Amino acid sequence: MKFIAEIDVMPLKALLDPQGRAVTSVLKNMGMPEFENVRIGKHVTLEVESDSEANAKVKVEEACKNLLANPIMESFHYSIKAN
Amino acid sequence: MKFIAEIDVMPLKALLDPQGRAVTSVLKNMGMPEFENVRIGKHVTLEVESDSEANAKVKVEEACKNLLANPIMESFHYSIKAN
Amino acid sequence: MEAIAKEIKVNVETARQLGLSEDEFQKIVTILGRTPNYTELSIYSVMWSEHCSYKNSIYWIKTLPREGKGLLAKAGEENAGLIDIGNGYACAFKIESHNHPSALEPYQGAATGVGGINRDIFTMGARPIAQLNSLRFGNINTDKTKWLMKGVVRGIGHYGNAFGVPTVGGEVFFDECYNVNPLVNAMSVGIVKVGETISATSYGEGNPVIIIGSSTGKDGIHGATFASADITEDSAESLPSVQVGDPFQEKLLLEASLEIIKTGAVVGMQDMGAAGIICSTSEMSAKGQSGMNIWLDKVPLRQQNMQPFEILLSESQERMLVIVKKGREKEVEAILEKWDLHYAVIGEVTNGDRLKYYVHGELVADVPAETLVLGGGAPVYHREFKEPQYYREFQKFDIDTIKEPSNYKEIADYLLTHPNIASKRWVYEQYDSMVGTVNMSSNKPSDAAIVNIKKSDSALALKVDCNSRYVYADPHKGGAIAVSEAARNIVCSGGEPMAITNCLNFGNPYNPEVYWQFVEAIKGIGEACTEFNTPVTGGNVSFYNQSSYEGPVFPTPVIGMLGIIKNKNKVMTLDFKNEGDLIYLIGECYNDISSSEYLYSWHNVKEAPAPHFDLSEEYEVQFAVKEVIEKNLVESAHDCSDGGLFITLAESAMAGKLGFDIDTDTSIRKDAFLFGEGQS
Amino acid sequence: MLKFGVVVVPGSNCDHDTIYVLKHIYKQDAVPLWHKTSDLQGCDAIIVPGGFSYGDYLRAGALARYSPMMNAVAEFAKNGGIVVGICNGFQILCEAGLLPGALLLNTQPHSGINYSCKNIHLIAENDNTALTTGIPKGKALTIPIAHGEGRYFADAETLEKLNKNGQIIFRYCDEKGKITPDSNPNGSLENIAGICNETKNVFGMMPHPERASDEHLGNTDGKYILSALVKTVQARKAERLVVS
């Protein structure tokens, strides 16, 4: 069975997010002062072949830990649904 | 009132996504052949000050259209919740 | 901000926990005349750490020659060495290491290394115009090395390219000994009009102390010998384990810094490197023989409830400290606002030499500046050293034990494709080498990187060099070779060697055999610098580069050399030019293959002395080559180095899209003649 | 003597180079135009230089378009003024809608690395635009590139219009001038290296002609392009003086 995973990989809260900081200040200069604390990470979508949702979860967890997210710098969470 | 917006900005389906392609092949080389069609975009979180959720939505829509996403190459969708 | 540090019992045990020895703790008690409080103890622990005080190396570093022609700022006086290069211009240049952060997180480790070294240059008022880097990794076939290298090269590329300073040269070297602990050394070179530099000093009662740039977070606090996890209430989750560099903020800092210096309203400026605020406030105050009152609650913070010691020790990137003349703040602040830079007045200069740190009016630390700094009260140690066993063994190598090969073509192919010798285009094409339109070597390669000084008729010749295999085999000779080879490259480019900076990467100084490598290498470097009259203008020491189970990494004193080409139309390139030109080999040939890539990798014989080297012979050869080039008698010049004569000829041939036809010297073995790495 | 305006946005790196080259090699006047102002100082033509405006954060060029100066540049372009975007400048002009299409992440055909700085060859599509007049037909110029997001993209309809109106000014080619897939350094559609708008007064190109103008650096093919620009702006200025 094919499952679709949506994964968000964000920089750890304690770390400086240079990209988020730059976008926040530009939004303010564009006349949208009501925006604060922009943080930018990655949104990853992928398809995974697996016999059950549980196994699909295990595989996605492994992919996140080993490749998609750098544990030193990033945290991740994901949702999985059948295709 | 403060609202939190979660925005996903993804490359248009029609476009070749070199990052997604590279990650798909690396996953396969790492012994995870069951992954297909990885696509990588941006996950943006931000806080927006607004008197109502409806107005907050209007502002986030405007920020996405004018800055956070480039319609020529990206599509976006977002969710908003009170802080 | 719940500011006051919890009252933590301070005793010898707490001191040891913070990396201070018992007698260092006693010394602090004597200086203050009382037991230090926790914040004061953490101040001393970071200022007397190896990283900031050089306590285990300063004694020997001072033996290096520091006088020489055109030297405007001697080593240790300023953030970077300063050399007069004529036409009213001076050149500031320095090399520094970021080895341990890069081993943890290669991309950010290397990126922040580039950021740090460039700040050392523009904090003096010089505009960085060129960068080089020296990288060493383990076995190229391991996944770990591939991961480390990809991250490091991308980090240097992203930061350097976005910051807008061209990467014009460098070296990449692979050896097992660096498997776990890569070496990432970054060098930056800047130009400033003589007399327009700014010093890292602070004086003038009442002058405001201003912090500029990024807000302060809990970055790198345990980077400076600190184990504080159990002391703060926050969970470890709030302790960022790595520093994140922002090249865009650095570009704003560069342009703003150069602009505020021109107003003449700046008394002194220093970038925030290791140990952030405490290091800059203490070093500037000690240099200016003055004190400071600092209000830590005024420091812009990126994270909530930071303890006073966390604010003082934070190593958040892209921050500067500036002392402005009282009454002229507005001029400076207007420029900072122009460049959208955050700033805040966090203190004032006082007479005397006390540094007083307050939080909401309450005194949290009161220490004398002089006692904190290198050259002041910081301890200086003489470590014991002992010649290691392997050194004797290596000298016993006998060339006759190596059978002369029959198939030379096979060896030539092997060496030409060896990662240490093959072209590094796949690396340097990821760096912007052309921004600034000064790189004269992009289309016409020379041994050294040639950088055009636009408003004058001269050019700079730049090189980073070190064969750590020679230094391991014989630190004294290896150190001298590192300097000589850098000089050789500059001479072959038509330049005149002027001065060096160095990055001394060694193992654990408390290991007597490692310290022997350090002392012998320093002696070799000193002798060569004296011979070539290239003084040491400063640099950096990086100890504790260990490859956990295999002992220390090779001793690696990387030399960054600056040379001048008085007439930029007389740059010498390395490519063969015309068919029929004669090829001269200058210097003696020896029956010597010791420590060559050929012996080490092809024959897999790793125990051998350093190759033949004679300092005065080396000087004579270089002097002759310099004259021959000045008199326009040659079409190209290229130095023999890794891989031997054959590789040198092949490089010149390929660059000129020509071949070559030579006769070998029958008086010595053919493999020694072609692949031996006897120097000069 | 003409006066060129070079837009300076936080993160621009090639503004100094562009001003230096225009002044010392092309003997024209060149002034920096600070992004926070909207005063074009009476410049005859505007150049949006290369660099990493706003650190290339979010998308290369995305954050730079919202500034008073870029609004003034858009106005200047609407009135027929000549505007040239080089590398990051090209990305900014696309993001600002002054040029069609977008510059995406490179798809290096053979390696995963995206950023690269090296010499490439390009060929002028015609010789009747401000950047191409006088370039000998079929001549391959050696011009350096230095970017990570230079893959030109436009939807089929826009691409067709670009071809029909002669809005494609440069394409990547090999050293003999042949347009081949291997000579495409970033995966751009149809090897496109530079385009212009319909009224042929706004230009964008990824390669850096200002980095190939100073003979000290060993390559002056950039002179073909920037001399063409100077000649065209001079001609336009002379025309305007006659008319007004």
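Fair warning: this is a prediction, and the values are worked out from it, not measured in the lab. Labels below follow one simple rule: chain letters A, B, ... track the order of the sequence lines, proteins then strands, and each chain is numbered from 1.
Distance check: B/Thr45 OG1 to A/Asn37 CG gives 6.5 Å after rounding to the nearest 0.5 Å. Taking CG of B/Asp8 as the start and NZ of A/Lys42 as the end, the distance is 14.0 Å to the nearest 0.5 Å. Taking CG of A/Leu27 as the reference point, atom CG of B/Leu67 lies at 5.5 Å (rounded to 0.5 Å). In this structure, the separation between CD on A/Glu49 and CD on B/Glu34 is 9.0 Å, given to the nearest 0.5 Å. Note that CZ of A/Arg39 and CD of B/Glu6 are 12.0 Å apart. Values are rounded to the nearest 0.5 Å.
Looking at heavy atoms from C-beta onward, A/Met32 lies in side-chain contact with B/Glu62 at the 4.5 angstrom threshold. Inter-residue side-chain proximity for B/Asn66 and A/Met30 is flagged as met; some heavy-atom pair is nearer than 4.5 Å.
In terms of non-hydrogen atom pairs under 4.5 Å with chain B, the most contact-rich of A/Met10, A/His43, A/Glu36 is A/His43.
Of the atoms belonging to A/Leu68, it is side-chain heavy atoms, and not backbone ones, that fall under 4.5 Å from chain B. When heavy atoms are compared at a cutoff of 4.5 Å, B/Val9 does not approach chain A at all.
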